[in-house]
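Just so it is clear: chains get the letters A, B, ... in the order the sequence lines come, proteins before strands, and each one is counted from 1. Only heavy atoms go into these numbers, but all of them, side chains included; no hydrogens, no water, no symmetry mates.
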Amino acid sequence: MLAAAAGFVAVLSLVPVARLLAEAVAPGGRPDLTLAAEVLASRATWIATWHSVKTAVLGTAISIALGTGFALLVGLTDARGKAALTFLFLMPLMIPPQISALAFAQLGGPASPLLRTLGIAPRLGTPNRFFSEGGIVLVLGIQHAPLVFLALRAALRSLPAEEIEAARASGASPRFALRTIVLPLMTPALAAGAALAFVSAIGNFGIPAFLGIPAGYTVLPTLIYQRLASFGPAIIAETAVLSVLIGVLAAFGFAVQAAVLRRRDFRLAGTARRAGGFALGLWRLPTEMLAWGTLALILVAPLAALVATALVPAYGVKLGPGTATLHNFAEVLFRQDATVRAFRNSFALAGGAALVLMLVAVPFAYLVVWRRGRLARVLNAAAELPYALPGIVLGIAMILLFIRPLPFAGVSLYNTIWIIFLAYLARFLILCIRPVTGALEQVDRALEEAARMTGARLPFRLLTVVLPILAPAAAAGGLLVFMTAFNELTVSALLWSAGNETLGVVVFNLEDAGLSVLAAAVSVVSVAVTVALMLLASLFGKRLPPGVIPWRA
Amino acid sequence: MSSIRIENLTKRFGASTVLDDVSLEIGQGEFLALLGPSGCGKTTLLRLVAGFETPSAGRILFDGVPVAGEGWDVPPEARNVAIVFQSYALWPHMTVAENVGYPLRVRGVKGAARTERVAEALAAVELPGFEARRPAELSGGQRQRVALARCLAMDPAVVLLDEPLANLDVHLRASMEDIFKRFHARTGATMVYITHDQAEAMALADRIAVMDRGRIVQLDPPAKLHAEPQSERVARFIGEGRVADCRVVACENGAARIVLFGHEASVRAGAETSRIGKGRLCLRPGDLAVGEHGFEARVVSSRFAGSHAVVTVEPLADPEVRLAVIHPVPLAAGASVRVRVADGWLLPAEAAVPAEAAA
Amino acid sequence: MSSIRIENLTKRFGASTVLDDVSLEIGQGEFLALLGPSGCGKTTLLRLVAGFETPSAGRILFDGVPVAGEGWDVPPEARNVAIVFQSYALWPHMTVAENVGYPLRVRGVKGAARTERVAEALAAVELPGFEARRPAELSGGQRQRVALARCLAMDPAVVLLDEPLANLDVHLRASMEDIFKRFHARTGATMVYITHDQAEAMALADRIAVMDRGRIVQLDPPAKLHAEPQSERVARFIGEGRVADCRVVACENGAARIVLFGHEASVRAGAETSRIGKGRLCLRPGDLAVGEHGFEARVVSSRFAGSHAVVTVEPLADPEVRLAVIHPVPLAAGASVRVRVADGWLLPAEAAVPAEAAA
Amino acid sequence: AVAQGSKLVLYTSQPNEDAQATVDAFKAAHPDVDVQWVRDGTTKIMAKLQAEFAGGNPQPDVLLIADSVTMEGLKRDGRLQPYTEADTTGFAPTLYDKEKTYFSTKLITTGFMANTAAEGAPASWKDLAKPEFQGQVTMPSPLTSGAALVHVAALAQNPDFGWPYLEALAKNGTTASGGNGAVMKAVAGGEKAYGVIVDYLPIRESTKGSPVKFTFPTEGVSAVTEPVAILKTAKNVDAAKEFVGFLLSEDGQKLAARQGYLPAREGVEPPSGFPPVASIKLLPFDPAKALADEAENKKRFSELFGG
Ligand SMILES: Nc1ncnc2c1ncn2[C@@H]1O[C@H](COP(=O)(O)OP(=O)(O)OP(=O)(O)O)[C@@H](O)[C@H]1O
Ligand SMILES: Nc1ncnc2c1ncn2[C@@H]1O[C@H](COP(=O)(O)OP(=O)(O)OP(=O)(O)O)[C@@H](O)[C@H]1O
Ligand SMILES: [Mg+2]
Ligand SMILES: [Mg+2]
């Protein structure tokens, strides 16, 4: 079982990357390093690398600040409306990065429906503040804050109250205890979330493409895209070289995470009461207002922009009682059967990937954290690669791998939905693994030992003891996978085929064809569907172990 | 140094009442032990005093100032209360030295001063040189001692100890008891000490509060508690006491003549007790002796206890009753012996009824 | 039912050697207690037997079949060994009933049969009706008892207990001890029992192994261990023993005449001991009595212990030595008394040297 | 004369609806051919195709993409097969490859558009570089859009404009990002007042109410011709030829006009909103030279505009 999990991770994470690497050092099958040398000698490469690092680090910092703030608020205090806060805070995940970038850009530009309705839109042609490094950093930060939030939220559930109480009995104020006890104890989760936010930012294409290119600000993924646009036979090799660079950056992030964890010990004893409910006292109302205000800024504003776009007949038309129309929704939902098909496909793909990955993540985490196998630790790092690569590059890797019929089996996955499924598994693997390994770092090993002594074999133990204890983290991971995969744009762009469209493909094609209003309509519907699914989950979540549905107490 | 006053404290978890109208006054600098069966609410009481739980009713005052209940809620960190948790609650991400030094860090003690006081505290719990270890690398008893050292390192007005020596061997216990005594003498802190070891409670405490199912059933200095239990429940709980029916022949000024299983004996009684007739007698193993005189009994079992054996016997006159007797060597089960009553305590009459009802 | 054979077992954590060449044979169905100061390696030994740690050297055999060491490594789940952890290790996500029923679930016991056995086990630890609680809603002692019940519910060949009663009061301890005895009699399982409570060890065990700094220093039945410690260390560790210098006047067939602080007395000695001259004498509180005869001493302190007091005295002849004496009532510090030697044990000569060196 | 139930794989960069309409129309004429088509932006289609080449198993039989420069590149790499017997009546010789490896199917011209709220009224390319339009112009990037690549190449090749003109544009604060869709959004949304763009987007959207207006600059327009080609590795050459033939036929060209594009074949009525084909002035353009300069053009362009 453990071997199967390890094999699964190895195949999914290493094979596509290895195939790309082969292309980088041996374009077209002939070993040739001149191309790699050329790419690495280019100034543009290093500028883009520097920009990538800078935006990713700063963006991650924002994600950490936002995600930690909300997780602590929801996990430890007596603030009201926690369920709603949690629920809403997760929503940026559901909005594809391109669309949030667009929404934020609209917020600041002369076209901003909000600003125009308020009558304070800047003059036509005024440069938009969001088309800048700062804009990229901000949107990256907001987009990936839920990654930090979810990992931390799951971990806070296993924090025993005594750990904090001991600090307060020592005279520590809540703030001091937070700094010296809670946050340090949360390091594994925090590191996991931060690592995710970092690779997500490193590999993100949509946001820097939309906000960076107009400002002449290139990061590695946009550079790769530009290289791809040269159409020449060497593009695959060239992008492969650049992708390796991204891989190195991602590995760097991972190394930081590993270094942070190696120095300390985080295992918590198993039985104590869960911490929580710290009274905010007089600060409660201001804190709540701050939280809701932040939510309004990071969520309501872009969502409103999205909805506004979906409601006008053509892009640029001012939204008003005379212009509002549901025509776009009718068009995408009833006229274009591809949309409905895409919903079905995306749902199946995202749900399937989430399910499979949750099941893989638990034994894999067991292998990495408790067995401490060297191979497993290498794999743990490698699993990050497919996520760090820009989606389009992963798509290329998958094509390279599957364009020919599978050896032995003789069937071809190319042009089937399965190639997208495999690509999703590879890409989102890490989203599930990180929170789960982070959580396992804190589990008292004796809990498993107690199960071993009863004679329970590994699969049974995993199922009955390890999985339920990790359930909140695994669910957080699964949710991350589902929400990101459901709206995923770039991986499937190269891999879809007729009948196998994904939502992202539909949105992108509409956008690409200049039909932004239809694209917005699809996005709105997809957000609505995700919200509906989340609500459905909480309805049926009563039977699940506590913590599995993050927005349930 | 604080005096603690607990007034009509009640604590409910959901439907179950864990503390039931507890009132208690702990003097400034007093050393109070809490004794009671598992699950009777000792830890809960401690947590209320420390401020980790809020009362369902009643209130708590420190030095006459309300800190909890009826709208008051002084946060734990403002109460200057040190606590040693039953579960230790060491911080896994810190070394032993960091764990112990934490209260000092909170108080802004830095550098050499801190290192020194940490070293002192660790030396006191016989763990010198363990500074750099992680809690996960310690044995159970060592963890417990680190938790103790952490508490010693701060300078609290009130110290709450929740079975702080449960995982230590006799010798360490003895030396830790010494440390508590010295600490208490030096700082004059008010100490509340939960233990299930009666000898420990007797050896350390000024007064002992016996709890049972959420109530305090007796509060007395150790010797008095041992010698004069006020109810059958306490009689049974403290000092392996057994209770038997007897007939009181005479009773006056704290001394009584009774007839037990047909044999007459002199026992102690409360100064106000003066009843003649039926009575309940509390008998400790040390009150009885196997010898040539006394009532006839049969040996049920013998338990070896190092320097002596505790022999359980059933009087032939009433085989329902089991009594424990100390004897230098174990006796064979089934043997017939004679048991003499050297001492005993006639339980106050009124106490017998509620104890019976509650059982 | 398994016999356990431990051969030259060594366990190192990094640089520190926690178990040092331990050899030990535990018979099938034997009840062995492990006694020893905190941190001496008891838990580690248990974890090696259970299979949670791998030996650094040496090996372990169950019924003559190697299970650990020298390339063997039977996983814990295949050893049929039940263990009660010092830290309980209850599963927070399961109710009490699920925790206790887990071993049965592993064995495929279902439905009513399982419910029934869970209820039985819970009744045995006096927690009936707690089925639906979560571990977080239990008191410390209740948690410990759930861990016990879980262990009782499985049907192990070997039961390892790591201070299973540390958080229980005297009465629960007594009834749990009874449960162990009955469980042992019924299942015939081999039991290894760590405790820091000597009385408990003496009451329960067939043999007691005394450990000290990673080694087994004596392995004997309780009475023998108490009466005839083989080294000064054991003498001091068991039964509050004190050791004093004496002069041996005569020694033959297990009886010796000695002179202690100028007074002659008869004590026990090993059958082979026959040395005359300097000797070391082990004295327990019960071996001495305060009275009209014997050597002169000064009372240092008195500790009240319920039915009696333990009085610490220093002989005028050698004020360095502290001796403990049992006395019915506490004595005032500083008082002059006479102490008579009623019994004692002359330590074997050879043992004295390594103990001294090791100290 | 194609085998019953044969399969034709088409990769195209046409917008979704157009691609669907094209395929539907072809299928109506050839019900026996099962057309499987994949649509994406030119860059992605080409990335996918290049990956398929690298993997040794290219899928499509027919390629229908925006610009001839890309086709030139494929021809140079030996990926295309000639269709010598194709019927090219009504097509100007500049509209198909001399070796008959690819054929233009329509004319998509690049001019510029203005937001109706904009105050100024530029009429020529040169106007866009004037100071009064500073910071108000956006254009598609040749790195994203094939049409833009052709447009930049056409300007660069033209001695009247050349790189000095593009430099002036850059200096004037013109931005270049994404494709024509992005330009459409920027201008329709009012981010920018003016945008260089292909004709059909603003013409079509303005009929729906979008606040934009398209201008054919006085110096002339560049044009991409959405060429179609058969791959050398095509598995179903017969059906592929049928498909190419259909696109070039009068029916096929009328379809293009119905979709809102200028047909390439003479004598087919242009769609409403367009001036007559004859009145549209084209900037001269040499696809082979454009291909030769492609890398250079892109590099210089990114140096100027970043995108
Ligand atoms: N992981 C570890 N790394 C380093 N040292 C360890 C580790 N685990 C235990 N030790 C040390 O090994 C020694 C023996 O530990 P063990 O837990 O066996 O003691 P013990 O006899 O059970 O003590 P106690 O009665 O206090 O529970 C202790 O000194 C402890 O500090
Ligand atoms: N969170 C909770 N919810 C419900 N019941 C609880 C909760 N915490 C404690 N209890 C119950 O309250 C009672 C008192 O618990 P407490 O921990 O105070 O006992 P204790 O006297 O310290 O016992 P022990 O000696 O076993 O530690 C117990 O019966 C326990 O089961
Ligand atoms: Mg307790
Ligand atoms: Mg231990």
Side-chain angles (χ1 to χ4, degrees), chain B residues 13-14 18 35-44 86-88 126-127 137-145 162-163 165-174 177 195-199 202-203 222-223 226 236-240 284-287 303-308 310 326 328-330, chain C residues 13-14 16 18 35-44 86-88 126-127 137-145 162-163 165-174 177 195-199 202-203 222-223 226 236-240 284-287 303-308 310 326 328 330:
Chain B
F13 287 117
V18 171
L35 269 182
S38 166
C40 70
K42 305 181 293 295
T43 300
T44 307
Q86 203 166 7
S87 61
Y88 320 150
E126 302 187 14
L127 286 177
E137 299 165 352
L138 297 179
S139 77
Q142 289 166 342
R143 285 179 207 178
Q144 193 158 46
R145 283 181 278 159
D162 197 351
E163 310 204 3
L165 307 181
N167 284 306
L168 304 182
D169 61 88
V170 176
H171 297 267
L172 263 174
R173 287 174 97 101
E177 284 174 22
T195 177
H196 54 258
D197 184 332
Q198 301 183 5
M202 306 254 170
H226 189 267
R236 286 182 196 279
F237 189 72
I238 301 290
E240 293 190 69
R284 298 268 161 56
D287 294 342
R303 183 160 57 87
F304 182 59
S307 61
H308 60 271
V310 179
I326 286 185
V329 291
Chain C
F13 287 115
S16 65
V18 170
L35 269 182
S38 168
C40 71
K42 305 180 294 294
T43 300
T44 308
Q86 203 166 6
S87 62
Y88 320 150
E126 303 186 12
L127 285 177
E137 298 165 351
L138 297 178
S139 78
Q142 289 165 342
R143 285 178 203 175
Q144 193 160 45
R145 283 181 277 159
D162 198 350
E163 310 202 2
L165 309 181
N167 284 307
L168 304 183
D169 60 90
V170 175
H171 297 267
L172 264 174
R173 286 173 97 102
E177 284 174 21
T195 178
H196 55 258
D197 183 332
Q198 301 182 7
M202 305 252 172
H226 190 266
R236 287 183 195 277
F237 189 73
I238 301 290
E240 293 191 69
R284 298 271 159 54
D287 295 341
R303 181 160 58 87
F304 181 60
S307 60
H308 59 272
V310 178
I326 286 185

Okay, side chain of [X], backbone of [Y]: is any donor-acceptor separation there less than 3.5 Å?
| X | Y | answer |
| --- | --- | --- |
| Arg303(B) | Ala199(C) | no |
| Asp169(C) | Ser38(B) | yes |
| Gln198(C) | Gly239(C) | yes |
| His196(B) | Ala166(B) | no |

Toward chain C, the part of [X] with a non-hydrogen atom under 4.5 Å:
| X | value |
| --- | --- |
| Arg143(B) | neither |
| Gln142(B) | both |
| Phe237(B) | both |

Please flag which part of Arg173(C) lies under 4.5 Å from any non-hydrogen atom of chain B: side chain, backbone, both or neither.
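Arg173(C) touches chain B through side-chain heavy atoms alone.
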Check each atom of Ala174(C) against the heavy atoms of chain B and say whether the ones under 4.5 Å are side chain, backbone, both or neither.
neither
Greatest number of heavy atom pairs closer than 4.5 Å to chain C - which of Cys40(B), Gly140(B), Gly36(B):
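Among the listed options, the one with the most contacts to chain C is Gly140(B).
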For chain C, the option from His171(B), Arg145(B), Glu163(B), Gln86(B) that forms the most heavy-atom pairs under 4.5 Å
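The answer is His171(B).
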How close do Glu126(C) and Leu172(C) get, heavy atom to heavy atom, and via which atoms?
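In terms of heavy atoms, the two residues are closest at OE1-CD2, 3.5 Å.
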With sequence neighbours excluded, tell me which residues meet salt bridge (charged side-chain N to carboxylate O under 4.0 Å, His left out) with Glu177(B).
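Glu177(B): no salt bridge (charged side-chain N to carboxylate O under 4.0 Å, His left out) contacts found.
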Selection from Thr43(C), Val170(C), Thr195(C) maximising heavy-atom pairs under 4.5 Å formed with chain B:
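Ranked by contacts with chain B, first place is Val170(C).
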